[in-house]
Participant: 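A single structure is presented below for examination.
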Amino acid sequence: MTTTSPQAWNGPTVLIVGAGPTGLTLACEFARRGVSFRLIEAAAGPQPGSRGKGVQPRSLEVFDDLGIVDRVLANGWLAMPMHSTAPDGRVTRGGAVPEELANRPDIPWAASLITPEWRVEEALRSRLAEFGGAVEFGTALAGFEQSEDGVTARVVAGGEAETVTARWLVGCDGGHSTVRKQAGIPFTGETRDEVRMIIADLTVDGLDRDRWHAWQHHEGILSLCPLPSTDLFQYAAGIAPGEHPGLGLTHLRAILERRTGRTNIRLHEPEWSSLWRANIRLADRYRDGNVFLAGDAAHIHSPAGGQGMNTGIQDAHNLGWKLAAVANDGASPDLLDSYEAERRPVAAHVLELSNTRLRQALEDNAIPTRRDASTIQLDVGYRGSALARDDRDDAAALRAGDRAPDATKLATVDGERRLFELTRGGRFTLLAFGPVNATDPLRPALRTLHVVERPTGPDEIADTAGHLATAYHASDRTLVLIRPDGYIGLISDAGDARAVTDHLAAIG
């Protein structure tokens, strides 16, 4: 990367490189907030293949906020049962909702959703179009230079080069990220060539679609997972060191017969296939001046546990509101420093979790089935962040920086609602369990929900079942500020409205 002399940018506010789930989520954030952007993708069209097929509950909450969760759910299967057959014929069953997370009013979805990744991208592209945005397919980043004011990028489409100036550039362009390489950001980690897996989408005869099937074998694991909303299965087979990694149908059938001992399952020609290698890396930093990294460009994981795509989606949800706040609302540029400070530790934790689950899978020769708040990303939070303040004891169950819990059975003048319906839309929301004696004149868009016994106005809610007070451990004076990305920015059990005002002023 070359640093040029300062110059004004006169193009989009943000140039997004890469239109996978991360780039699309970021584009939707900008489109709904009125931030100008261009979203470019080097591929000629949407990418095929199931790829990252697991959507975690925290990502479903992001999709709820964006208004597409029903579309994603319609093409998926929550808590798909899994049957894993051992060499001696014993069957282990998994996939159920963890008992400690089931039927809780603070958690709308307590299990992973199985759906092909292309379905997730399809839903995001559709939502982006509704916001007035689009993907520029067949458009590649050739290089960029930075100044103090922005980024000047060279993009190529149809053999024609174009210069694009933008205030910021965000690389969402995957593990081989051009943006990361051009920025000179090290990608620390390892490639384990001995850990490989064949993945393919294909039709299958002779196998029920009522569960995810897996077989343990001394050569490695084999699984066939039905892909909801399609007539396909995802075929996944671990390949031992030195074993032929061919993707042809004859080879896939031979592996299947050896590892299952069955000849009555018939595979058809793959519609998509790939050879995965264990490549586990984390960018040394997420920012270089006016350039940011998100998703696989910043971190790549093993597929064990279905964490990678979800972590990228949540990167975008975190970064999107912050860039918009600086661009549109006059927030301090220092706010952007909190992106790496909050998200990089999450990626490091997810890498550790994925590595542990990969090691377990290799040692046990089985797909890990344990599910809890950590594996479905409901425990992701930012305690200790510069954007987290509260007056609670260190031992408190809920602190600033934590995920804002949901709550059901809230009465409003428009009928019964859950909290996530009322906070949807990516704005700051203040939950006022007691009176608010001060306002924030700098943020007229701040939404305040007053908790009352009987609602008479549009900003009043009644906690009819006590779920809201229980989830937030609230007294009759508590104030809770929820950030645009669904995390708690501030809690004041003392009911200090000035603390809310000061906190918002410090961000802006």
Side-chain angles (χ1 to χ4, degrees), residues 50 52-54 56 76-102 110-115 192 194-228 232-245 249 251-268 276 278 301-307 353-376:
S50 52
K53 66 184 181 299
Q56 303 297 358
W77 186 346
L78 276 169
M80 179 185 287
M82 174 186 285
H83 288 188
S84 181
T85 303
D88 62 4
R90 288 181 298 110
V91 176
T92 301
R93 292 169 172 80
V97 176
E99 184 176 347
E100 68 272 17
L101 301 179
S112 303
L113 180 85
I114 299 299
T115 189
R192 298 181 59 185
E194 81 283 5
V195 181
R196 301 172 298 164
M197 181 183 298
I198 293 173
I199 304 174
D201 294 349
L202 38 67
T203 56
V204 179
D205 295 331
L207 195 65
D208 293 336
R209 296 183 61 87
D210 60 354
R211 59 188 178 272
W212 184 343
H213 305 263
W215 293 267
Q216 298 169 248
H217 190 271
H218 71 270
E219 290 182 359
I221 305 165
L222 171 73
S223 75
L224 285 166
C225 177
L227 296 172
L232 304 174
F233 282 75
Q234 184 193 72
Y235 173 109
I239 302 299
E243 184 176 350
H244 176 57
L249 179 59
H251 186 222
L252 270 57
R253 284 175 172 171
I255 294 173
L256 173 72
E257 290 186 11
R258 287 199 309 272
R259 299 189 189 182
T260 66
R262 294 175 59 173
T263 58
N264 62 338
I265 303 174
R266 185 179 177 217
L267 307 180
H268 293 262
W276 172 84
H301 316 252
S302 99
Q307 306 291 312
L353 173 65
S354 298
N355 288 347
T356 298
R357 292 176 71 83
L358 175 62
R359 184 168 56 252
Q360 180 186 348
L362 294 173
E363 291 175 354
D364 298 345
N365 199 24
I367 298 173
T369 58
R370 180 184 65 83
R371 296 290 183 269
D372 56 26
S374 66
T375 64
I376 58 179

Participant: Side chains of T263 and E257: do they bring a donor and an acceptor to under 3.5 Å?
Facilitator: no
Participant: Heavy atoms only: give me the nearest R209-W77 pair and the separation to one decimal.
Facilitator: O-CZ3, 3.4 Å
Participant: Restricting to non-hydrogen atoms, name the atom on L101 and the atom on V97 that form the minimum distance, rounded to 0.1 Å.
Facilitator: C-CG1, 4.5 Å
Participant: List the steps and the verdict of side-chain contact (heavy atoms from CB on, under 4.5 Å) for T203 and F233.
Facilitator: CA-CA 6 Å; T203 56; F233 282 75; over 6 Å; no
Participant: Looking only at heavy atoms, what is the nearest atom pair of A79 and A111, with distance?
Facilitator: CB-CB, 3.7 Å
Participant: State the CG-CD distance between L222 and Q216, to the nearest 0.5 angstrom.
Facilitator: 11.5 Å
Participant: Check whether any side-chain heavy atom of P226 sits under 4.5 Å from a side-chain heavy atom of Q234, and report yes or no.
Facilitator: no
Participant: Mind checking whether Y235 and I255 have side chains closer than 4.5 Å, heavy atoms only?
Facilitator: yes
Participant: What distance do W215 atom CH2 and S223 atom OG have between them, rounded to the nearest 0.5 Å?
Facilitator: 8.0 Å
Participant: Under the side chain to side chain contact (heavy atoms under 4.5 Å, CB included) test, which residues partner R253, sequence neighbours left out?
Facilitator: L249, R266, L267
Participant: Who pairs with R211 by side-chain hydrogen bond (donor to acceptor under 3.5 Å, both in side chains), at least two apart in sequence or on another chain?
Facilitator: H83
Participant: Do you know the tightest heavy-atom contact between R258 and E219?
Facilitator: NE-OE2, 2.9 Å
Participant: If you measure from CD1 on I198 to CD1 on I239, what distance do you get to the nearest 0.5 Å?
Facilitator: 3.5 Å
Participant: Please report the interatomic distance CE(M197) to CD1(I221), rounded to the nearest 0.5 Å.
Facilitator: 7.0 Å
Participant: Give, for atom NZ of K53 and atom CG of D201, the distance between the pair rounded to the nearest 0.5 Å.
Facilitator: 9.5 Å
Participant: Would you mind reporting whether I114 and C225 have side-chain heavy atoms less than 4.5 Å apart?
Facilitator: yes
Participant: Output, in order, the C-alpha distance, side-chain angles, deciding distance and verdict of side-chain contact (heavy atoms from CB on, under 4.5 Å) for T115 and L227.
Facilitator: CA-CA 6 Å; T115 189; L227 296 172; over 6 Å; no
Participant: List for me each residue that meets side-chain hydrogen bond (donor to acceptor under 3.5 Å, both in side chains) alongside D205, sequence neighbours excluded, and say none if there are none.
Facilitator: H268
Participant: Could you check whether any side-chain N or O of D208 sits under 3.5 Å from a backbone N or O of D210, counting only pairs where one atom can act as donor and the other as acceptor?
Facilitator: no
Participant: Can you tell me if R196 uses its side chain to pair, donor with acceptor, with the backbone of E243 under 3.5 Å?
Facilitator: yes
Participant: Side-chain contact test, heavy atoms from C-beta onward, threshold under 4.5 Å: evaluate it for R93 versus M82 and give yes or no.
Facilitator: no
Participant: Kindly say whether S84 contributes a backbone atom to a donor-acceptor pair with the side chain of R90 at under 3.5 angstrom?
Facilitator: no
Participant: When rounded to the nearest 0.5 angstrom, what distance separates OG in S50 from CG in L232?
Facilitator: 8.5 Å
